[in-house]
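Quick note: numbers below take in every heavy atom, side chains included, and nothing from hydrogens, waters or symmetry partners. The first residue of the sequence shown is numbered 1, and numbering continues consecutively from there.
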Amino acid sequence: MDKKALIAHSPVRYFDVTNAALKDGEMGLITAKKGLGKTSILVQFGIDTLLNDKGLVHVSFDQKSSNVIAWYSSVMAEIAKKKSFNLDDVNDEIVRNRTILNFNQETFTLPKVVNTLKALNDGGIKIGSIVVDGLDLAAVSKSDLDCFADFVKSEKMTAWFSYTSEAETIGDTLPADKTSAFTTVAHLTPEGKGLVLNLIQNGIGKVNLDAKTLLMCK
């Protein structure tokens with residue numbers, strides 16, 4: 001299997017055309033009501049990072065490692081099935097650069113997550129991107145969020161967060177001093193028989209999601 005073909009057919013290519021893709025040092029935020037598909041979107045970003053031979057750290061505040069692994073396996077299988085790819089030759093290589101961390105928000109703050117990420121870097125794990133899933137950003141202080149953002153910027157990484165919110169405008173999502181930490185904010189919502197990811201901060205337009213597979217599509 002040619003990994004370049006996988007990259008070319010990654011669902012994230014549909015997101016790239018909105019001009020909302022993150023550059024090094026930037027953070028993005030995916031919002032939606034609970035259970036709609038935020039984790040799937042983060043996993044698609046994560047897989048795209050791995051396909052490009054960059055290290056990924058998936059930080060989960062609400063799922064066990066086994067559940068996170070299942071998400072990656074499921075999304076990879078859907079990508080392969082949709083494009084008739086055989087992933088046997090590349091799957092081990094892809095997941096080799098993935099690190100999964102589980103934390104409890106009541107006992108683990110974002111600055112502590114930064115310390116863990118620094119330790120991984122110091123231990124030789126080169127991180128290109130981070131996804132942070134299940135964190136209640138309303139309960140996170142601005143200083144803690146700024147600490148994380150400063151680390152991402154200083155290390156020239158990218159980071160995607162999820163946040164449970166039904167707000168369809170940036171002004172109603174979080175206080176402005178928090179949303180300003182994110183370059184791109186997109187809100188996932190049902191539309192017709194499917195789902196759409198609307199860009200509400202940065203970028204232009206929207207991205208469709210397949211209602212069954214939750215993959216980004218035309």
Inset, instruction - Give the intermediate values and the outcome of side-chain contact (heavy atoms from CB on, under 4.5 Å) for residues His58 and Val131. - result: CA-CA 5 Å; His58 186 116; Val131 295; 3.1 Å; yes
Inset, instruction - Test ring pair (Phe, Tyr, Trp, His ring centres under 6.0 Å) on Phe148 and Phe161 and set out the steps. - result: CA-CA 11 Å; Phe148 195 94; Phe161 283 68; 5.3 Å; yes
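Using modelled atom types, one finds a donor on one side chain and an acceptor on the other under 3.5 Å when comparing Asn102 with Ser65. No donor-acceptor contact under 3.5 angstrom links the side chains of Ser74 and Glu78, judged on distance only.
Under the 4.5 Å side-chain heavy-atom criterion for Ile, Leu, Val, Met, Phe, Trp and Tyr, Val152 and Leu50 are members of distinct hydrophobic clusters. Hydrophobic clustering (ILVMFWY, side-chain heavy atoms < 4.5 Å, transitive): Phe45 and Leu188 are in one cluster. Placement of Ile100 and Leu135 in two distinct hydrophobic clusters is found when ILVMFWY residues are connected by side-chain heavy-atom separations under 4.5 Å, directly or transitively.
Side-chain contact between Ile127 and Glu155 is absent, with no heavy-atom pair separated by less than 4.5 Å. Here the side chains of Ile79 and Pro11 are in contact, with some heavy-atom distance below 4.5 Å. Taking the side chain as every heavy atom from C-beta outward, Thr189 and Val196 approach each other to under 4.5 Å. The side-chain heavy atoms of Phe15 and Asp48, taken from C-beta on, include no pair separated by under 4.5 Å. Side-chain atoms of Ile130 and Val113, non-hydrogen and from C-beta on, never get closer than 4.5 Å to each other.
Other residues, nucleotides and ligands place no more than 12 heavy atoms under 6.0 Å from the CD atom of Glu166.
Within the 3.5 Å criterion, the main-chain N or O of Ser60 finds no donor-acceptor partner in the side chain of Asp133. No donor-acceptor pair under 3.5 Å is formed between the side chain of Thr183 and the backbone N or O of Gly28. Distance alone, capped at 3.5 Å, is enough to place a donor-acceptor pair between the Asn104 side chain and the Glu106 backbone.
Partner of Leu195 under the side-chain contact (heavy atoms from CB on, under 4.5 Å) criterion, chosen from Asp210, Ile41, Leu209: Leu209. Tested against Leu174, the residues Thr179, Thr31, Val185 include a single side-chain contact (heavy atoms from CB on, under 4.5 Å) partner, Thr179. The side-chain contact (heavy atoms from CB on, under 4.5 Å) with His187 is formed by just one residue from the set Glu168, Lys33, Lys206; it is Glu168.
A distance of 8.0 Å separates CG in Leu36 from CG in Leu214, rounded to the nearest 0.5 Å. Interatomic distance, OG1 of Thr173 versus NZ of Lys178, reported as 12.5 Å (0.5 Å rounding).
With respect to the salt-bridge test (charged N to carboxylate O, under 4.0 angstrom), the residues Arg13 and Asp16 qualify.
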Side-chain atoms of residues 138-147: list all donor-acceptor pairs with protein atoms under 3.5 Å, sequence neighbours left out, distances to 0.1 Å.
residue: Ser141; atom: OG; partner: Ser143; partner atom: OG; Å: 3.2
residue: Ser141; atom: OG; partner: Asp144; partner atom: N; Å: 3.1
residue: Ser141; atom: OG; partner: Asp144; partner atom: OD1; Å: 3.4
residue: Lys142; atom: NZ; partner: Asp146; partner atom: OD2; Å: 2.6

